[in-house]
Amino acid sequence: MPTSIITTDDLRDFKMELLDDIKELLTNQDSGTLKKYLKSQEVMNLLQISPGTLQNLRVNGTLPYSKVGGIIYYDAQEIQKVMDENRIHHLNF
């Protein structure tokens, strides 16, 4: 397996890309373009998780959902609430 070296420029570029992505998400949220209900594929893309992980979150009750006509929907606000409730804060001394 080849080794690659990460430079400070690489980290700076990554930081800028990440900040741009966060700004875009916040802009979309502020302008109301986020939908109220998301389908499974949209949730998997949003959270960058696999179908199995999403199923586990449903089964263990972590992520509430509604099922209508065989299609599973997730409330976008509930997803945000779960993310906020599970936020981990590290204390730096």
- pair Ser50-Met44: side-chain heavy atoms closer than 4.5 Å: no

- Glu85 (side chain) donor-acceptor with Val82 (main chain) under 3.5 angstrom: no

- Message: Working to the nearest 0.5 angstrom, can you tell me the gap between Tyr74 OH and Arg58 CZ?
- Response: 3.5 Å

- Linking I/L/V/M/F/W/Y whenever any side-chain heavy atoms sit under 4.5 Å apart, do Val59 and Tyr65 land together? no

- Which pairs with one or both residues in residues 7-17 pass side chain to side chain donor-acceptor pair (under 3.5 Å), sequence neighbours excluded? Thr7-Asp10, Asp9-Arg12

- Query: Roughly how far apart are Leu54 CG and Ile72 CD1, rounded to 0.5 Å?
  - Reply: 7.5 Å

- Query: Between Glu78 (side chain) and Asp75 (backbone), is there a donor-acceptor pair under 3.5 Å?
  - Reply: no

- Note on the structure: Separation between CG (Leu63) and CE (Met83), nearest 0.5 Å, reads 10.0 Å

- Kindly check if the number of other-residue, nucleotide or ligand heavy atoms within 6.0 Å of CG (Leu18) is above 12? yes

- Atom CG of Leu19 and atom NZ of Lys23: how far apart are they, to the nearest 0.5 Å? 6.0 Å

- Query: Any side-chain heavy atom of Leu38 sitting closer than 4.5 Å to one from Tyr73?
  - Reply: no

- State plainly whether the residues Arg87 and Asp84 are in salt-bridge range, i.e. N to O under 4.0 Å. yes

- Note on the structure: Here the gap from Ile79 atom CD1 to Glu42 atom CD, rounded to the nearest 0.5 Å, amounts to 9.0 Å

